[in-house]
Amino acid sequence: MPIRIPLVLLISLFSMLAGASDKPTSESTEVNHVVDRIAAQESKNLEKLRQLSPIAETYVQQYKPDKDFGRIPIADHYFLARVSFGEPGVKEQDLFSAPQQPLTSKILRQFLDIGVRNRTAWIPTGFAQMAILGSDFDRTHYDFTFDHREFLGALRCLVFNVVPKAHSGGGKFLGQIWVEDRDYNVVRANGSFIKPRDHRIYIHFDSWRVNVAPGIWVPACIYGEESEIRLEGKLVALRSETHFWFYRSSQHSQNELTAILVDSRDGISDQSTPGALSPIETQRLWLLQAENNILDRMEQAGILAPASEVDTVLQTVANNLIASNDLTIHAEVRCRVLLTTPIEAFTVGHTIVLSRGLLDVLPDEASLAAVLAQQLSHIILAHDNIDSGMAFSDRLLFPDDQILSRLLLKRDPQDQQAAAQKARSLLDNSPYKEKLASAALFFRQLQLSQQALPNLVEPRLGDPLTPNSQPNPTGTEAKLDPKSTQQVAALPLGTRIELDPWTSRLTLNKAKSDEPLTPREKMPLQITPFRPYERYQDNQPAAVSSPGNP
């Protein structure tokens with residue numbers, strides 16, 4: 001028996017179906033409009049990026065599984081280059097390569113693609129490539145689906161799922177993007193490139209951009225991770241971090257940079273009384289000229305951070321050591337920060353330089369004091385490690401990629417041992433005397449990590465913090481207990497310092513320090529994901545979107 005449906009119900013049903021078909025059409029039109037604005041903004045931003053040439057630093061760690069710690073590092077890799085975002089992809093000029101780097105590693109750097117290829121062919125530009133989504137990031141090549149809204153810091157964002165169309169070819173992005181809802185700039189991209197060629201491997205990444213000035217968005221940092229990847233015939237886990245800084249015009253030639261005369265900030269002048277200076281005073285001022293020239297050249301090359309609040313913190317700890325030991329030093333002891341990740345400390349004349357990576361992983365102030373005490377001891381003992389001829393500014397007119405070979409600041413083992421002994425006496429008379437157990441643990445952690453993480457622990461410019469043949473500056477040995485959550489020998493990378501990619505200035509991370517609840521959360525010297533606080537660099541309010549549409 002056929003079922004009879006009242007006419008009024010049929011009319012209602014058809015109306016509902018018609019309404020249902022109209023609604024998606026309206027929503028899809030709105031989504032397409034937003035996506036077109038995103039694509040247009042992405043194209044505009046890419047054109048701006050092509051005029052800039054930042055420094056890109058990539059640090060990679062390989063891991064193996066561990067039942068107690070989840071994973072432990074077994075190898076690392078390090079790349080530092082000036083990159084340009086041109087066509088067809090990212091290009092690099094290798095910078096500051098370690099002089100002892102094997103020839104095979106130099107050859108591997110010649111590959112220009114994404115991630116890694118075959119066995120050990122690490123491709124530096126591949127990591128920087130993750131900062132851009134391509135010149136064809138539009139509805140012709142991708143399908144965009146609105147997913148949800150989410151705040152990233154102070155930015156209200158629209159989140160889209162992005163899938164390449166079947167005909168788009170290889171090397172396309174697959175994942176999610178976060179788009180701020182005022183001007184429709186892509187703030188974050190989380191996913192991977194797909195369909196690799198020639199046995200290359202694409203890794204998953206989380207790429208972040210920041211607003212550095214009104215209308216200017218630049219790549220800031222990229223976190224990469226694979227839980228299982230085959231390298232050298234073995235399955236390993238992999239994590240990487242890429243930082244960008246020192247943005248400048250790509251049209252600024254190397255010759256123009258190195259033709260800039262380096263002027264002293266202080267100058268060679270009498271700061272005390274008028275009249276002739278003694279030979280000792282003129283010699284001191286001449287060495288100060290050389291010191292300032294070297295520091296200025298390092299800052300011009302983009303590896304030394306401009307003066308910042310971080311310098312002030314270091315200066316305070318150094319002054320505590322000087323005051324508590326009643327030291328008389330003829331010139332002011334200054335502190336500066338190297339922008340790179342490898343853990344190192346050295347002096348340039350009377351200036352103590354610590355790397356950003358070192359400051360990131362120091363567990364406490366006492367450990368910082370121990371590092372500074374060792375470098376301060378070199379100054380007290382007059383272990384000069386700079387050529388006084390650097391007071392002639394033309395001596396520093398060389399390309400950036402020669403910084404390491406021209407400015408090696410290493411000392412012989414005898415000077416290192418004497419400085420370690422002097423540092424122990426400085427620390428014994430300091431406010432940090434009763435807190436040096438944690439510092440001893442920190443140096444022990446570095447020693448134990450040298451084999452697995454040589455690219456992190458071994459210095460580029462100065463001396464190793466923990467020479468195998470010498471005791472650490474605290475004068476005490478520490479027994480490391482990796483399973484104890486009460487014992488934190490070293491922090492993960494990125495814990496303490498924030499880097500402004502546009503100005504290269506450093507600030508202290510003000511986030512609350514969390515105590516590890518399990519041994520797995522300690523992660524000493526390891527790479528962890530990024531979560532920058534996003535904000536607009538102007539006072540304009542965010543746009544208000546309608547509740548039902550993107």
Side-chain angles (χ1 to χ4, degrees), residues 309-329 332-338 343-347 350-381 383 415-449 457 462-467 470-481 484 486-492 495-497 506 508-510 513 515 522 524-525:
E309 65 178 38
V310 180
D311 301 346
T312 305
V313 173
L314 303 183
Q315 194 74 52
T316 299
V317 178
N319 288 341
N320 287 342
L321 293 169
I322 294 171
S324 59
N325 284 273
D326 196 23
L327 299 175
T328 300
I329 302 175
E332 177 189 10
V333 175
R334 299 176 291 181
C335 295
R336 298 292 298 273
V337 182
L338 200 68
I343 294 171
E344 59 183 310
F346 54 87
T347 63
H350 281 63
T351 300
I352 300 174
V353 181
L354 276 60
S355 69
R356 172 176 56 84
L358 170 58
L359 296 177
D360 265 337
V361 299
L362 285 169
D364 53 25
E365 189 174 327
S367 302
L368 172 59
V371 173
L372 290 173
Q374 189 166 16
Q375 300 308 315
L376 182 60
S377 296
H378 284 301
I379 296 174
I380 296 170
L381 297 173
H383 292 161
D415 284 353
Q416 295 178 41
Q417 186 169 8
Q421 293 174 353
K422 182 63 176 177
R424 288 195 288 275
S425 68
L426 296 179
L427 292 168
D428 285 342
N429 295 325
S430 75
Y432 310 102
K433 179 180 180 179
E434 305 300 327
K435 305 175 182 178
L436 295 177
S438 61
L441 286 172
F442 173 71
F443 287 107
R444 182 59 179 157
Q445 181 70 64
L446 292 186
Q447 287 178 329
L448 294 176
S449 302
V457 177
D463 304 314
L465 293 181
T466 56
Q470 299 176 18
N472 67 69
T474 66
T476 60
E477 292 300 323
K479 184 177 181 180
L480 201 60
D481 183 4
S484 170
Q486 304 302 313
Q487 192 188 79
V488 178
L491 302 175
T495 300
R496 298 205 181 277
I497 304 298
L506 302 176
L508 292 170
N509 187 340
K510 304 298 194 305
S513 179
E515 299 295 330
K522 292 169 66 172
L525 309 180

Enquirer: With sequence neighbours left out, what residues match Asp415 under salt bridge (charged side-chain N to carboxylate O under 4.0 Å, His left out)?
Expert: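 Salt bridge (charged side-chain N to carboxylate O under 4.0 Å, His left out) list for Asp415, sorted by chain: empty.
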Enquirer: Would you check if Ile497 and Val337 make a side-chain contact, meaning some heavy-atom pair closer than 4.5 Å?
Expert: no
Enquirer: Does any N or O in the side chain of Glu365 come within less than 3.5 Å of the main-chain N or O of Val317, such that one atom is a donor and the other an acceptor?
Expert: no
Enquirer: Could you check whether any side-chain heavy atom of Tyr432 comes within less than 4.5 Å of a side-chain heavy atom of Ser324, counting everything from C-beta outward?
Expert: no
Enquirer: Hey, does the side chain of Lys522 reach the backbone of Ala489 with a donor-acceptor pair shorter than 3.5 angstrom?
Expert: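 Flag not set: sc Lys522 to bb Ala489 has no pair under 3.5 Å.
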Enquirer: Mark yes or no for whether Lys422, through its side chain, and Leu376, through its backbone, hold a donor-acceptor pair below 3.5 Å.
Expert: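 A pair under 3.5 Å: no.
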Enquirer: Check the surroundings of atom NZ in Lys510: do more than 12 heavy atoms from other residues, nucleotides or ligands lie under 6.0 Å from it?
Expert: yes
Enquirer: Does some side-chain heavy atom of Val333 sit less than 4.5 Å from a side-chain heavy atom of Ile352?
Expert: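 In short, these two side chains touch, coming nearer than 4.5 Å.
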Enquirer: Would a distance-only check, ignoring hydrogens and angles, find a side-chain to backbone donor-acceptor pair under 3.5 Å from Asn429 to Asn325?
Expert: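 Not a single qualifying donor-acceptor pair exists.
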Enquirer: Any side-chain heavy-atom pair from Glu344 and Leu358 closer than 4.5 angstrom?
Expert: no
Enquirer: For residues 434-442, which side-chain donor-acceptor pairs fall under 3.5 Å, sequence neighbours excluded?
Expert:
residue: Ser438; atom: OG; partner: Asp364; partner atom: OD1; Å: 3.3
residue: Ser438; atom: OG; partner: Asp364; partner atom: OD2; Å: 2.4
residue: Ser438; atom: OG; partner: Lys435; partner atom: O; Å: 3.3

Enquirer: Would you say the side chain of His350 lies within less than 4.5 Å of the side chain of Arg334, judging by non-hydrogen atoms?
Expert: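 Heavy-atom side-chain distance check fails, nothing below 4.5 Å.
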Enquirer: Show the nearest heavy-atom pair for residues Leu359 and Arg496, with the distance to one decimal.
Expert: O-CD, 3.3 Å
Enquirer: Indicate yes or no for a side-chain donor-acceptor contact from Gln445 to the backbone of Ala490 under 3.5 Å, with no hydrogens or angles considered.
Expert: no
Enquirer: Using a cut-off of 6.0 Å, state whether more than 12 heavy atoms not belonging to Gln486 lie near its atom CD.
Expert: no
